Amino acid sequence: MFCPKIDTSRHAAYFGPMEPTPLQIAAQRLAQADKVAVLTGAGISAESGVPTFRGADGLWEKYRPEDLATPQAFARDPELVWRWYHWRRGLIAECFPNPAHQALVNMEKRVASFTLITQNVDGLHRLAGSRNILEVHGNLWMVRCTACGTLYEQRELDLPPRPACRECGGFLRPHVVWFGESLDSRILEAAWQAAAQCQVMLVVGTSAVVQPAAGLASVAKQAGAFVIEVNLEPTPNSREVDVSLMGKAGEIMPQLAQ
Ligand code: BJW
């Protein structure tokens, strides 16, 4: 069948002006903004090979958060919890940033005020080269002493089953935020401020069910920001946001950051 290719831009009189796509609208808003806040979740690292928490292949399908990601679980069986973190550290050590992480690095270079709020503990944003990062749930590569409180980076993979503090010999824990624990108040305050002051907020790869981080999109929206969501599927945020882009972060983000 003959199917002519029509350049509609040259036939605007017949077809009317082309409507911009949601992706184009979002990209334009981002290009015009000089205050941008981004909230990322596990979905942005999925294409790097890092497992997400929820969904069919998510960690919480195979493991119970009550057994592994609460202070009570750690008090009950610290070796079990450490074993889980040793396994995840080994897995993430093999992972590298993907085009979605890289797109945020590029975006940060051209936006005057740029804050990257991440729920991820995998450290991939830092590895990619992002600079102004707020890790609201901590970092898997940091450890904290339960006795003296010393906090330091620990990248060794062959840690003993009960790792000890290099300062006092006390028992170490991963420097992450478990359910029922408060987030670092200074980091949370900075995240809240970035959300409340930005012109555009980009929410990428989060199921938006874990508070208080999930509430940041609403903070931005209520303060008048244009909110863009990038996710494989709808989330509790989807109805409230201005543009919802469904698809893989690794494919959409480079187009948004162009
Ligand atoms: C893609 C993709 C691709 C996939 N491209 N997209 C108010 C109401 C109700 C409850 C609470 C509340 N306030 C506090 C709570 C309790 C609790 C909470 O929120 N519970 C809910 C689950 C009900 N919150 C807390 O306990 C927090 N603490 C706190 O608020 O303290 C004060 C307080 C305590 C108690 C009561 C009241 C006040 C602490 C939360 C700590 C969360 N910790 C974890 C583990 C971190 C450590 C570790 O990793 O080991 O953080 S749980 C886990 O969930 C992890 C994540 O950061 C977090 C969020 O998950 P995320 O990132 O959204 O991942 P997923 O897997 O859920 O979603 C992935 C998404 O990506 C999906 O949507 C996919 O579709 C998408 N996707 N591939 C684009 N290629």
Side-chain angles (χ1 to χ4, degrees), residues 38-74 80-92 95 97-101 103-104 116-125 133-144 173-185 187-189 191-192 202-218 228-238 241 244-256:
V38 182
L39 172 67
T40 65
I44 198 168
S45 295
E47 289 158 74
S48 294
V50 180
T52 60
F53 292 92
R54 295 165 188 86
D57 296 326
L59 290 170
W60 297 152
E61 278 297 304
K62 292 180 219 115
Y63 308 97
R64 280 164 28 98
E66 299 88 331
D67 295 339
L68 299 164
T70 67
Q72 293 80 4
F74 190 65
L80 172 76
V81 173
W82 260 118
R83 263 209 308 283
W84 193 60
Y85 280 93
H86 290 324
W87 169 71
R88 285 177 62 207
R89 284 161 61 101
L91 194 153
I92 290 168
C95 296
N98 66 53
H101 296 102
L104 291 176
L116 173 49
I117 305 158
T118 187
Q119 299 168 85
N120 299 347
V121 299
D122 57 32
L124 291 185
H125 285 302
I133 311 172
L134 299 170
E135 292 176 318
V136 291
H137 290 164
N139 188 304
L140 201 76
W141 303 108
M142 302 289 290
V143 289
R144 192 166 85 228
R173 60 163 281 176
H175 182 59
V176 298
V177 182
W178 287 320
F179 284 114
E181 291 188 314
S182 297
L183 282 67
D184 181 311
S185 57
I187 296 178
L188 184 59
E189 178 60 28
W192 225 256
L202 185 53
V203 183
V204 189
T206 176
S207 58
V209 294
V210 176
Q211 300 293 346
L216 290 166
S218 302
I228 304 161
E229 179 180 58
V230 178
N231 202 304
L232 287 181
E233 55 189 39
T235 75
N237 278 336
S238 300
V241 302
S244 187
L245 301 171
M246 298 286 155
K248 288 186 174 180
E251 292 170 7
I252 294 175
M253 293 295 292
Q255 298 179 62
L256 269 184

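No experiment lies behind these values; they were computed from the predicted model shown. Whatever order the structure lists ligands and atoms in, that order sets their numbers, starting from 1.
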Closest non-hydrogen atom pair, [X] against [Y]:
X: W141; Y: I92; result: CZ2-CG2, 4.0 Å
X: A69; Y: W178; result: O-CB, 3.1 Å
X: V136; Y: A191; result: CG1-CB, 4.3 Å

Could you list the atoms of ligand 1 found under 4.0 angstrom from a heavy atom of [X]?
X: R88; result: 48 (C), 49 (O), 50 (O)
X: W178; result: 39 (C), 41 (C)
X: P212; result: 30 (O)
X: V121; result: 49 (O)
X: A42; result: 61 (P), 62 (O), 64 (O)
X: V176; result: 47 (C)
X: A46; result: 78 (N)
X: Y85; result: 47 (C), 48 (C), 50 (O)

(request) Could you check if a side-chain atom of E135 sits within less than 4.5 angstrom of a side-chain atom of V121, using non-hydrogen atoms only? (result) no
(request) Please tell me if the side chains of V143 and R173 come closer than 4.5 Å, counting only heavy atoms from C-beta onward. (result) no
State whether the side chain of [X] and the backbone N or O of [Y] hold a donor-acceptor pair below 3.5 Å, judged by distance alone.
X: N120; Y: D122; result: no
X: T235; Y: N237; result: yes
X: N231; Y: T206; result: yes

Within-cut-off N or O pair, [X] and ligand 1, under 3.5 Å:
X: V210; answer: no
X: F53; answer: yes
X: V177; answer: yes
X: W84; answer: no

(message) Assess the residue pair H137 and V176 against the criterion (side chain to side chain contact (heavy atoms under 4.5 Å, CB included)); give the C-alpha distance rounded to whole Å, side-chain angles, the decisive distance to 0.1 Å, and a yes or no.
(response) CA-CA 5 Å; H137 290 164; V176 298; 6.0 Å; no
(request) Only one of L116, I44, V204 passes side-chain contact (heavy atoms from CB on, under 4.5 Å) with H101; say which it is. (result) I44
(request) Can you label the angle between the W82 ring and the H86 ring as parallel, tilted or perpendicular, going by 30° and 60°? (result) parallel
(request) Report the relative orientation of the aromatic rings in W84 and W60; use parallel for angles under 30°, tilted for 30 to 60°, perpendicular for over 60°. (result) parallel
Can a non-hydrogen atom of [X] be found less than 4.0 Å from any atom of ligand 1?
X: A213; answer: no
X: G58; answer: no
X: A69; answer: no

What protein heavy atom sits nearest [atom], and how far off is it?
atom: atom 12 (C) of ligand 1; value: Q211 CB, 3.5 Å
atom: atom 20 (N) of ligand 1; value: F179 CE2, 4.0 Å
atom: atom 80 (N) of ligand 1; value: E47 OE2, 2.7 Å
atom: atom 69 (C) of ligand 1; value: G205 O, 3.7 Å
atom: atom 51 (O) of ligand 1; value: H137 ND1, 3.2 Å
atom: atom 5 (N) of ligand 1; value: A249 N, 2.9 Å
atom: atom 29 (C) of ligand 1; value: E181 O, 3.3 Å
atom: atom 60 (O) of ligand 1; value: R54 NH1, 3.1 Å

(request) For ligand 1, note which part of V204 has a heavy atom under 4.0 Å away: side chain, backbone, both or neither. (result) neither
(message) One residue to check: T206. Relative to ligand 1, which of side chain, backbone, both or neither has a non-hydrogen atom less than 4.0 Å away?
(response) both
(request) May I ask you to check whether S45 and H125 show a side-chain donor-acceptor distance below 3.5 Å? (result) no
(message) Quick one, L256 with L202, criterion side chain to side chain contact (heavy atoms under 4.5 Å, CB included). Give me CA distance, side-chain angles, the key distance, then yes/no.
(response) CA-CA 10 Å; L256 269 184; L202 185 53; 3.8 Å; yes
(message) Looking at R54 and E233, is there a salt bridge between them, counting it only when a charged N and a carboxylate O are closer than 4.0 Å?
(response) no
Is at least one protein non-hydrogen atom found at under 4.0 angstrom from [atom]?
atom: atom 76 (C) of ligand 1; answer: yes
atom: atom 39 (C) of ligand 1; answer: yes
atom: atom 10 (C) of ligand 1; answer: no
atom: atom 33 (C) of ligand 1; answer: no
atom: atom 16 (C) of ligand 1; answer: no

(request) For side chain to side chain contact (heavy atoms under 4.5 Å, CB included), just list the numbers for L232 and K248, CA-CA rounded to whole Å, side-chain angles, deciding distance to a tenth of an Å, and then say yes or no. (result) CA-CA 6 Å; L232 287 181; K248 288 186 174 180; 4.0 Å; yes
(request) Verify side chain to side chain contact (heavy atoms under 4.5 Å, CB included) between V210 and F179, making sure each step is shown before the conclusion. (result) CA-CA 9 Å; V210 176; F179 284 114; 4.2 Å; yes
